[in-house]
Amino acid sequence: MEFAFVTGASGGQAMRRAASSAVASEFVCAAAVARRASAARPQRQARWTMGKQAAFGPFSPIVIAARLVIGEKRFNKLRGKGISLHSQAITNFCDYVGAGGKTKQGIIRLAKTNGNTLGFLS
């Protein structure tokens, strides 16, 4: 910290002015260093990631061909209906055997993982 003597001001006021100007100059220097550091870094293009990409399995060609033939919108409706029916079947099975909610949730997760491995989520 630097000290400055100002004529016509008491010692306390002069020291406060000098201290505040030193802090301000340190802040300005730190900001300038940060700007230089950020300017030196190469700019990266932002990447959009929507989630994991589905695995390519034995049913992937059929799924991709169906999507091309019937269209994206109709395909997604059909896929959603299939997933819904499968989840209902799992729920009915869990109710039948008396499995709890955590078990049902685990089975549904396992079905999703298996569907990904087989290529149904391509």
Review point. Could you give all pairs that pass the salt bridge (charged side-chain N to carboxylate O under 4.0 Å, His left out) test and reach residues 60-80, with sequence neighbours left out?
Key: R67-E72
Review point. Can you find a heavy atom in the side chain of K112 that is under 4.5 Å from one in the side chain of L121?
Key: yes
Check your understanding: ring-ring contact (aromatic ring centres under 6.0 Å, His included) with F93: which residues, sequence neighbours excluded?
Key -> none
Exercise for review: Using the test side chain to side chain contact (heavy atoms under 4.5 Å, CB included), find all partners of L118 that sit at least two apart in sequence or belong to another chain.
Suggested key: P58, F59, F120
**Study point:** Partners meeting side chain to side chain contact (heavy atoms under 4.5 Å, CB included) with A99 (sequence neighbours left out)
**Key:** C94, V97, T103
Exercise for review: Would you check if the side chain of S87 reaches a backbone N or O of I83 as a donor-acceptor pair within less than 3.5 Å?
Suggested key: yes
Revision key, fill the gap. Hits for side chain to side chain contact (heavy atoms under 4.5 Å, CB included) against A55, two or more places apart or cross-chain, chain-then-number order -> N116
Check your understanding: Can you list the residues that meet the side chain to side chain donor-acceptor pair (under 3.5 Å) rule with S60, with sequence neighbours excluded?
Key -> S122
Review point. Does any non-hydrogen side-chain atom of Q88 lie less than 4.5 Å from one of L85?
Key: yes
Revision key, fill the gap. One should read off an interatomic distance between I90 CD1 and L110 CG, to the nearest 0.5 angstrom, of 8.5 Å
Review point. Where do K104 and T91 come nearest, in terms of heavy atoms and distance?
Key: CD-OG1, 3.5 Å
**Study point:** Nearest heavy-atom neighbours spanning F75 and I70
**Key:** CA-CD1, 3.7 Å
